[in-house]
Amino acid sequence: MIARTREEIEPVLAKYYDALAQFMVGLAEIPEHAVILEAGCGDGALTTHLSHLLQESRILCYDLYRGVYERDLNTLKERALNISIIKGDVRDMCIHTGSVDFIVSNELLCDLSRNDTQKTINEFHRILREGGTFVHGCLSPYPETRAQELVIIADAYSADPLFDHDWFSPPADELAGVLHSAGFSGITVEYFLTPVKLSGDAALCHLKEWVLKPEFFEDYSAEINCCGVEYPVEQVVSCQK
Ligand SMILES: C[S@@+](CC[C@H](N)C(=O)[O-])C[C@H]1O[C@@H](n2cnc3c(N)ncnc32)[C@H](O)[C@@H]1O
């Protein structure tokens with residue numbers, strides 16, 4: 001999937017999230033009328049597709065909506081989806097123990113430190129019912145190409161990160177260890193290999209949405225104009241309580 005102009009960015013990302021939602025839902029056995037939690041749902045880029053796939057379920061969308069992400073709450077509301085929005089912190093959740101059938105999250109743990117990741121995963125384990133599934137997706141921290149490496153470098157130039165975090169994203173092996181110590185079993189990693197590539201104008205335009213320090217653009221714009229950027233492979237980790 002390649003976006004070459006700024007107009008092509010939105011449809012390319014929509015296709016990506018649609019395919020990712022199908023991939024993630026395919027990893028879980030979701031009962032009828034399930035209670036589903038999307039943690040760190042942001043502006044609803046994935047939620048839109050989850051809600052179309054899971055129309056019989058009750059979807060709770062949980063997010064802090066602070067700092068650079070504050071404005072995403074309005075975008076989610078404007079999508080007018082059949083969901084319930086909860087504003088709160090995933091490290092300490094106001095959700096009953098054992099009350100959720102399926103938890104899904106995408107690019108959430110990349111925003112947290114290692115300690116906060118363990119706290120969050122412990123919370124997910126608490127609120128899931130016995131036999132429930134958790135699926136988490138995040139871009140691999142290991143680039144295969146320079147265009148992928150530029151995405152990882154860009155992230156390190158965040159002008160206003162929400163929390164101090166130690167990584168671009170948790171490596172799948174390390175995340176498996178965190179899940180295991182929280183009590184999860186059946187831990188597997190799958191790779192979602194549908195790449196998003198952005199060239200020239202589209203690449204710079206997309207990265208400007210990320211609220212990066214100006215130094216990033218001073219140092220890397222010429223290179224990005226020349227080779228574009230590409231999302232690294234998405235690691236999708238799933239497990240059961
Ligand atoms: C990189 S965005 C990903 C958004 C969305 N999942 C997606 O794939 O487009 C990370 C999201 O996690 C949320 N988030 C980060 N830390 C959080 C916390 N401690 N509690 C709740 N939400 C949090 C942010 O507000 C943001 O919406």
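Because the structure is predicted, anything quoted here is derived from the model rather than measured. Atoms within a ligand are numbered from 1 in the order they appear, just like the ligands themselves. In this chain, residues are counted from 1 in sequence order.
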Practice prompt. Around atom 1 (C) of ligand 1, find the nearest protein heavy atom and jot down its residue, atom name and distance.
Written response: E107 O, 3.3 Å
Discussion item. If we check side chain to side chain contact (heavy atoms under 4.5 Å, CB included) with H136, which of these qualifies: L179, L108, V236, I121?
Written reply: L108
Worksheet, complete the sentence: Of all protein heavy atoms, the one nearest atom 13 (C) of ligand 1 is D63 OD2, 3.4 Å
Worksheet item: Would one find an N or O of R66, backbone or side chain, under 3.5 Å from an N or O of ligand 1?
Response: no
Discussion item. Under 4.0 Å from a heavy atom of G42: which atoms of ligand 1 are those, numbered in the order shown and with their elements?
Written reply: 27 (O)
Worksheet entry | Crowding at CD, E223 (>12 non-hydrogen neighbours, <6.0 Å) | yes
Discussion item. For Y62, state whether at least one heavy atom is located under 4.0 Å from any atom of ligand 1.
Written reply: no
Discussion item. If you count every heavy atom of other residues, nucleotides or ligands that lies below 6.0 Å from R91 atom CZ, does the total exceed 12?
Written reply: yes
Response to the item:
If we number the atoms of ligand 1 from 1 as shown, the ones under 4.0 Å from a heavy atom of N106 are 3 (C), 5 (C), 6 (N), 8 (O)
Worksheet item: Heavy-atom count around D173 CG within 6.0 Å, excluding the residue itself: above 12?
Response: no
Item to complete: Can you establish whether the number of heavy atoms outside D166 located under 6.0 Å from its atom CG is more than 12?
Response: yes
Practice prompt. Give a yes or no on whether E32 atom CD has more than 12 heavy-atom contacts from other residues, nucleotides or ligands under 6.0 Å away.
Written response: no
Worksheet item: Mind checking whether F192 and Y231 have ring centres under 6.0 Å apart?
Response: no
Worksheet entry | Top protein contact for atom 19 (N) of ligand 1, by heavy-atom distance | D89 OD1, 2.9 Å
Worksheet, complete the sentence: of all protein heavy atoms, closest to atom 5 (C) of ligand 1 is G40 O, 3.4 Å
Worksheet entry | Atom CZ of R126 with >12 non-hydrogen neighbours under 6.0 angstrom | yes
Worksheet, complete the sentence: atom 9 (O) of ligand 1: closest protein heavy atom, distance to 0.1 Å, is Y17 OH, 3.0 Å
Worksheet item: Between C41 and ligand 1, which residue portion shows a heavy-atom distance shorter than 4.0 Å: side chain, backbone, both, or neither?
Response: backbone
Fill in: ligand 1 contact on L64 by region, counting heavy-atom pairs under 4.0 Å
both
Discussion item. With a cutoff of 4.0 Å, is D72 in contact with ligand 1, counting heavy atoms of the residue only?
Written reply: no
Discussion item. Check the orientation of F134 and F184. Use parallel for under 30°, tilted for 30 to 60°, and perpendicular for over 60°.
Written reply: tilted
Item to complete: Inspect the surroundings of CD in Q22 and state if more than 12 heavy atoms from other residues, nucleotides or ligands are less than 6.0 Å away.
Response: yes
Worksheet item: Of D111, D92, V90, L139, which has the heavy atom at the shortest distance from atom 20 (N) of ligand 1?
Response: V90
Discussion item. Side chain to side chain contact (heavy atoms under 4.5 Å, CB included) for S51 and R79? Distances and angles first, verdict last.
Written reply: CA-CA 11 Å; S51 72; R79 292 181 193 265; over 6 Å; no
Worksheet entry | Distance filter under 4.0 Å to G88 heavy atoms, resulting ligand 1 atoms | 20 (N), 21 (C)
Worksheet item: Can you tell me if L46 has a non-hydrogen atom under 4.0 Å from ligand 1?
Response: no
Worksheet item: When you measure from atom 16 (N) of ligand 1 to every protein heavy atom, which one gives the shortest distance, and what is it?
Response: F163 CE1, 3.5 Å
Worksheet entry | Closest protein heavy atom (residue, atom, distance) for atom 14 (N) of ligand 1 | L108 CD1, 3.6 Å
